[in-house]
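Here is the structure we will look at.
Sequential numbering from 1 along the given sequence is applied to the chain's residues. When reading the values below, keep in mind they use all heavy atoms of this one structure, side chains included, and skip hydrogens, waters and symmetry mates.
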Amino acid sequence: MLNNRKIKEAALAAGADKCGIAPVSRLRGAPKEMNVNYLFPEVKSVIGLVFRIPRGVQRGIEEGTQFFQYPSMAYGGINEIFAPYVLYHLGKVIEDEGYEAFPYRNTGARGAVSDMDGSEGNTVSPEEKIETEGTKKRHRCVQFTRPVREDLPAPDLQFQFRIAAVACGLGEIGWSKMLLTPEFGPLQRLAFLFTDGEFDEYDPIYDGEPLCRKCGACVRECPGGCIPAIDSGKTVEIEMEGKKIQWADVDMWRCFAFYTHAGRHYNPFVPKEIWDKNENGELDLLEGKSDFADGDVNVKIYKALAKYFPSWVGYNMAKCGGCIRGCVSMLEKKGGCMEGRFHSPLRTKKPWKMDR
């Protein structure tokens, strides 16, 4: 049997900022293609690791002067460098105890179904640079994968990270679908380990003061209107050990478009005349002339705007982050879980918006 305290101490010593441990039974009921019990038949426990995002990587976007640090440090740095090291180290600690450790780092777009809309097959993603003729494409799922046995889901199995984090007692899912923790608000990324070892004790599901204030800041500060209003009734809801977990039914393809391109008023890298011209209506979604978004719409946007990307970091070059910065700003106010964490607030002036 594994010791909860020992494993947490090892995780924090290796560089994780928070660790939660849960019985895998809390994740029962997931769709077959996202059911972690298929990772290996003997899995009994899930270990969730939190890696904090320094608030300062949002500073450049908040000021409108530096957009590189957030995707390179908060996404690329954590997903590709920091988290894998900790998973590797903690996995060795577990296996030295005689139990198998299955590390699971962030691996978007590697499932049998789209991680954007749950569909199968040709759900195209413009996440990589797309050549002018459209010959280079990446998909939000593994297109031609098949089960290796009749009773198994097709590889690669993915699961919902934020739900797993809730199961591990790390925090709650906020209205914007972001995971909120008492320590860091929305400023973290996640990684997981699965093991056939049982623990002497498991962490309870978070049941403290609500972390999401249902203030609607994420709704108001999303440049694309991707997050439904608090009173819209557009929600996703699950239940875990009798606790109802609810968040907004976010338009993920629309969010994808605005996260990477932001639109005329929030993307300083695209010349005004490109927005004005809107050749062949490729920018209709970003210009508010269309509400429909899917993979193909995003490919058109990428083809139109890819050459204006200042640089690539292996991840989408973020232009937005509005919901995160709005959330942090509200959680730093009186009564929020980030109150008093910093000597001065993230937001010191009215949010910028380009007048063009």
Please output the side-chain donor-acceptor pairs of residues 236-250 that fall under 3.5 Å, not counting sequence neighbours, one pair per line with the distance.
from : atom 1 : to   : atom 2 : distance (Å)
E237 : OE1    : Q246 : NE2    : 2.9
E241 : OE2    : R26  : NE     : 3.2

Salt-bridge test for D276 and K272: reply yes if a basic N is under 4.0 Å from a carboxylate O, no otherwise. yes
May I ask you to decide whether E221 forms a salt bridge with R325, counting only side-chain N to carboxylate O separations under 4.0 Å? no
Identify the two heavy atoms, one from L346 and one from R55, that lie closest to each other, and give their separation to 0.1 Å. N-NH1, 3.0 Å
With the threshold set at 4.0 Å, does a side-chain nitrogen-carboxylate oxygen contact exist between K333 and E339? no
Is there a donor-acceptor contact under 3.5 Å from the side chain of T145 to the main chain of V142? no
For P228, is there any backbone N or O sitting under 3.5 Å from a side-chain donor or acceptor partner on W175? yes
Determine yes or no for a side-chain-to-main-chain donor-acceptor pair under 3.5 angstrom, with N3 supplying the side chain and I7 the backbone. no
Using 4.0 Å as the upper bound for N to carboxylate O, is an ion pair formed by K44 and E198? no
Is there a chain of hydrophobic side chains (I, L, V, M, F, W, Y, each step under 4.5 Å between heavy atoms) that links Y104 to L27? yes
Are E63 and K349 ion-paired here, with the side-chain N under 4.0 Å from a carboxylate O? yes
Please find the pair of heavy atoms, one from L157 and one from K32, that lie closest to each other, and give the distance. CD1-O, 4.2 Å
Between V93 and F51, is there a shared hydrophobic cluster once you connect ILVMFWY residues whose side-chain heavy atoms come closer than 4.5 Å? yes
With a 4.5 Å cut-off on side-chain heavy-atom distances among I, L, V, M, F, W and Y, is there a chain of contacts connecting F342 to M73? yes
Tell me whether S329 contacts the main-chain N or O of G326 through its side chain, where contact means a donor paired with an acceptor under 3.5 Å. no
Check K18 with E183, please: is the shortest side-chain N to carboxylate O separation under 4.0 Å? yes
Tell me which one of L49, L179, I78 satisfies side chain to side chain contact (heavy atoms under 4.5 Å, CB included) with L190. L179
Test your reading of the model: is there a side-chain donor-acceptor pair from T260 to the backbone of F256, 3.5 Å cut-off? yes
Exactly one of F194, Y38, F102 clears ring-ring contact (aromatic ring centres under 6.0 Å, His included) with F159, and that residue is F194
Distance only, no hydrogens: is a donor on one side chain within 3.5 Å (strictly under) of an acceptor on the other, for R105 and N79? no
Does R52 use its side chain to pair, donor to acceptor, with the backbone of F184 at less than 3.5 Å? no
Are D284 and K289 close enough for a salt bridge, meaning some N to O gap below 4.0 Å? no
Distance from N4 atom CG to E9 atom CD, nearest 0.5 Å? 10.0 Å
Does I81 belong to the same Ile/Leu/Val/Met/Phe/Trp/Tyr cluster as L90, with side-chain heavy atoms less than 4.5 Å apart forming each link? yes
Inter-residue atom distance E62.CD - I324.CD1, 0.5 Å rounding: 12.0 Å
Heavy atoms only: give me the nearest L193-L87 pair and the separation to one decimal. CG-CD2, 3.8 Å
Minimal heavy-atom distance between P186 and C327, with the atoms involved, is CG-SG, 3.9 Å
Polar side-chain atom of Q188 near backbone of G185 as donor-acceptor pair, under 3.5 Å: yes
I'd like to know if the side chain of S45 reaches the main chain of T195, judged simply by a donor and an acceptor atom lying under 3.5 Å from each other, with no hydrogens or angles considered. no
H261 and its ring-ring contact (aromatic ring centres under 6.0 Å, His included) partner, picked from F309, W275, Y266, Y308: F309
Whether the side chain of Q160 engages the backbone of R162 through a donor-acceptor N/O pair (distance < 3.5 Å, no angle test) should be reported. yes
Please examine the side chains of F192 and P103, heavy atoms only from C-beta on, and report whether any two atoms are closer than 4.5 Å. no
Can you say whether the rings of F67 and F269 are parallel (under 30°), tilted (30 to 60°) or perpendicular (over 60°)? perpendicular
Under 4.0 Å between a side-chain nitrogen and a carboxylate oxygen: does that hold for D203 and K8? yes
Do the side chain of N35 and the main chain of N37 share a donor and acceptor less than 3.5 angstrom apart? yes
